[in-house]
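Take a look at the structure below.
Reminder, nothing fancy here: chain letters follow the sequence lines and each chain counts from 1.
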There are 2 protein chains.
Amino acid sequence: MTTRKSWQSIHDELRRRIVDGIWQPGDLIPAEEQLAAEFQCARATVNRALRGLADSGLLNRRRRVGSRVATEPSRYATLKIDIIRLEVEQRGAKYRHALTERAQVLAPERVQYRMNLNDDTELLYICNLHMADDRPIIYEERWLNPVVLHGIFDVDFSAISVNEWLVRNVMFTRGDISFCATNLTEREAQLFAADLGEAAFVIERTTWQDEQCITSVRLLHEPGFSMRTELI
Amino acid sequence: MTTRKSWQSIHDELRRRIVDGIWQPGDLIPAEEQLAAEFQCARATVNRALRGLADSGLLNRRRRVGSRVATEPSRYATLKIDIIRLEVEQRGAKYRHALTERAQVLAPERVQYRMNLNDDTELLYICNLHMADDRPIIYEERWLNPVVLHGIFDVDFSAISVNEWLVRNVMFTRGDISFCATNLTEREAQLFAADLGEAAFVIERTTWQDEQCITSVRLLHEPGFSMRTELI
DNA sequence: ATTATAATTATGTATAGACATAACAAATGT
DNA sequence: ACATTTGTTATGTCTATACATAATTATAAT
């Protein structure tokens with residue numbers, strides 16, 4: 001009967017050795033077999049620990065070669081994409097949204113390109129103002145593809161937000177997201193009761209089901225907004 | 001002899017059933033034992049597949065209860081934090097950086113708070129302008145804690161960038177990052193040869209070794225910059 | 001009726017042993 | 001000298017079995 005070691009404790013110990021510099025960046029660490037012998041456990045348990053370290057970018061692993069401490073440990077920031085309503089309610093504010101625009105139109109060329117569409121597909125164009133305690137926080141501008149979203153033109157988006165309807169009704173297989181900064185236009189400034197030209201944070205998100213684009217959205221945040229997360 | 005199934009193929013098949021709506025959000029899916037029987041494989045293999053689906057937020061798993069399709073599948077955007085030089089070189093541009101400021105000073109209160117420091121610790125304050133093909137792309141403003149970074153005052157940061165020196169010499173145990181937009185000040189606008197008040201994308205990053213703050217940095221990006229990533 | 005205790009059950013993780021696979025090294029044939 | 005084949009090795013994954021753990025349900029004690 002051998003001592004029972006959890007893969008977590010091995011993970012943590014190996015991580016410590018890397019962080020404390022016992023194993024320097026670039027070093028080849030002992031093979032799974034040897035570590036298993038050291039920790040008195042099965043190789044599979046060491047494997048589980050090493051895989052965790054590789055996932056978080058601390059190790060590079062290659063068959064036949066071994067596990068090497070990453071020379072340039074890549075760090076990742078993981079952002080959780082929530083439904084706006086939940087985000088607002090989680091910080092104890094009252095959520096409300098107002099539909100400001102709704103039209104069946106051809107998308108501008110820039111959007112057609114982003115969504116990989118023909119120039120003859122009419123999209124549902126919807127704009128929404130999201131509010132926390134009646135203060136506008138996000139202006140949402142969205143194009144929806146009726147080819148994928150059957151019956152989308154019949155949905156009453158004053159009752160349920162588009163975001164929420166989508167999350168509940170379709171599942172995307174892939175997506176991309178980009179962040180940038182922009183100067184508020186005259187019209188946008190009015191929405192936020194802000195000044196013309198103020199800097200605002202923008203998220204653009206496009207989601208797909210296999211090769212077909214579902215929707216593309218631009219989320220214009222109120223001036224002063226800051227998005228925070230932990231590094232891993 | 002049973003058929004050999006990889007956990008990946010099971011993962012993909014189960015994922016398909018969720019995406020295609022065969023298993024609806026909120027549904028309890030068959031137990032590992034049953035799935036193992038269906039796929040003619042060991043329970044451990046099904047477990048590996050289900051763990052993958054849970055990691056990507058598609059399933060909620062609870063002991064004794066089972067695995068449930070997430071009602072509000074949370075999506076994550078993962079951003080890779082690279083060394084700026086590598087980022088520039090990866091897109092085929094020539095990297096250069098210029099040290100614009102270096103001082104041993106008390107940090108402003110706002111920064112002291114962010115770094116959780118006493119108000120009597122003198123920090124190394126360093127500013128750098130990062131360039132791609134001699135065009136300024138990022139203005140880096142950084143405070144370094146000499147309590148953690150012994151001998152930091154003696155390093156020649158015109159030869160190696162602070163970023164790179166840090167990555168190679170200290171490893172952080174945790175960190176936080178935040179994104180926002182700001183209007184360029186007169187001085188900042190000059191750096192980028194841009195107009196006063198133009199919107200710029202800002203990343204603020206603070207890293208720690210256990211309870212001690214290592215460094216806090218503000219990366220001011222050139223106007224028009226956009227950061228993109230895949231959703232997972 | 002309420003509370004404490006035990007049984008049950010699905011997931012979580014451990015084990016040893018096996019084979020699969022990728023990458024490198026050595027041996028071989030031309 | 002070169003390309004091709006063969007062997008070796010560390011990781012990747014699978015199997016079967018076992019025990020651990022958390023959550024729920026059933027049972028017993030008060």
Side-chain angles (χ1 to χ4, degrees), chain A residues 1-18 22-71 73-74, chain B residues 1-18 22-71 73-74:
Chain A
M1 197 22 206
T2 55
T3 318
R4 273 186 113 76
K5 282 265 177 187
S6 80
W7 69 268
Q8 296 263 11
S9 67
I10 296 172
H11 171 103
D12 293 351
E13 167 58 17
L14 299 183
R15 185 195 157 83
R16 192 194 61 77
R17 293 187 191 175
I18 295 168
I22 295 170
W23 291 332
Q24 298 275 329
D27 281 2
L28 203 62
I29 73 166
E32 293 186 351
E33 204 79 60
Q34 293 168 258
L35 290 170
E38 182 193 335
F39 290 108
Q40 294 277 297
C41 70
R43 188 172 70 86
T45 310
V46 173
N47 182 286
R48 182 72 185 82
L50 292 180
R51 183 150 44 82
L53 291 167
D55 283 349
S56 56
L58 239 54
L59 286 181
N60 296 321
R61 318 191 67 201
R62 287 177 73 202
R63 283 181 184 178
R64 168 68 226 268
V65 180
S67 301
R68 209 173 274 282
V69 180
T71 44
S74 40
Chain B
M1 188 39 197
T2 57
T3 318
R4 270 188 117 73
K5 283 267 178 186
S6 79
W7 68 268
Q8 296 261 14
S9 67
I10 296 171
H11 172 102
D12 293 350
E13 167 58 16
L14 299 183
R15 184 195 160 83
R16 190 193 62 78
R17 292 187 192 175
I18 296 169
I22 296 170
W23 290 333
Q24 298 275 327
D27 282 3
L28 203 61
I29 73 167
E32 293 187 351
E33 206 77 60
Q34 293 169 257
L35 290 170
E38 181 193 337
F39 290 108
Q40 295 274 299
C41 69
R43 188 171 71 86
T45 310
V46 173
N47 182 285
R48 182 70 184 85
L50 291 180
R51 185 151 42 83
L53 291 166
D55 283 349
S56 56
L58 239 54
L59 285 181
N60 296 321
R61 318 191 69 201
R62 285 178 73 202
R63 283 182 183 175
R64 170 70 231 272
V65 180
S67 302
R68 211 172 271 283
V69 180
T71 44
S74 39

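Following rounding to the nearest Å, A:Glu33 (CD) and D:dT11 (C1') show an atom-to-atom distance of 11 Å. Rounded to whole angstrom, the span from the CD atom of B:Gln8 across to the P atom of C:dA20 amounts to 18 Å. Atom-to-atom, CZ of A:Arg43 to P of C:dA16 comes out at 12 Å; the value is rounded to the nearest Å. Summarising the geometry, the separation between CG on B:Leu50 and C1' on C:dT13 is reported as 15 Å, rounded to the nearest angstrom. We find that CD of A:Gln40 is positioned 15 Å from P of C:dA14, with the value rounded to whole Å. B:Gln34 has its CD atom 13 Å from the C1' atom of C:dT11, to the nearest Å. For A:Leu14 and D:dT11, the CG to P distance is 12 Å, given to the nearest whole Å. Per the geometry, NE2 belonging to A:His11 stands 18 Å off P belonging to C:dG12, to the nearest Å.
Candidate nucleotides C:dG12, D:dC14, C:dA10 were compared by shortest atom distance to the side chain of B:Asn47, and C:dG12 ranks first.
Side-chain contact between B:Val69 and B:Gln24 is absent, with no heavy atoms from C-beta onward closer than 4.5 Å. Looking only at side-chain heavy atoms (C-beta outward), B:Ile10 and B:Leu35 stay at 4.5 Å or farther from each other. Contact of the B:Leu14 side chain with the B:Leu59 side chain is not registered, since no non-hydrogen atoms from C-beta on lie closer than 4.5 Å. At a threshold of 4.5 Å between non-hydrogen side-chain atoms, the residues A:Gln34 and A:Val46 do not count as touching.
Between B:Ala44 and B:Ile29, the residue anchored nearer the 5' end of DNA chain C, judged by the nucleotide with its closest heavy atom, is B:Ile29. In terms of position on DNA chain D, the residue among B:Arg48 and A:Ala31 whose nearest nucleotide sits closer to the 5' end is A:Ala31.
Within the model, atoms CD1 of A:Ile22 and CD of A:Glu13 stand 7.0 Å from one another, a figure rounded to the nearest 0.5 Å. For the atom pair A:Glu32 CD and A:Arg51 CZ, the distance stands at 10.0 Å (nearest 0.5 Å).
Counting only distance, with no hydrogens or angles, the side chain of A:Arg43 and the backbone of A:Glu33 share no donor-acceptor pair below 3.5 Å.
Of the residues in residues 56-70 of chain A, those with a non-hydrogen atom less than 4.0 angstrom from any atom of DNA chain D are A:Arg61, A:Arg62, A:Arg63, A:Arg64, A:Gly66, A:Ser67.
The side chain of A:Thr45 places an N or O atom within less than 4.0 Å of a non-bridging phosphate oxygen (OP1 or OP2) of C:dT15.
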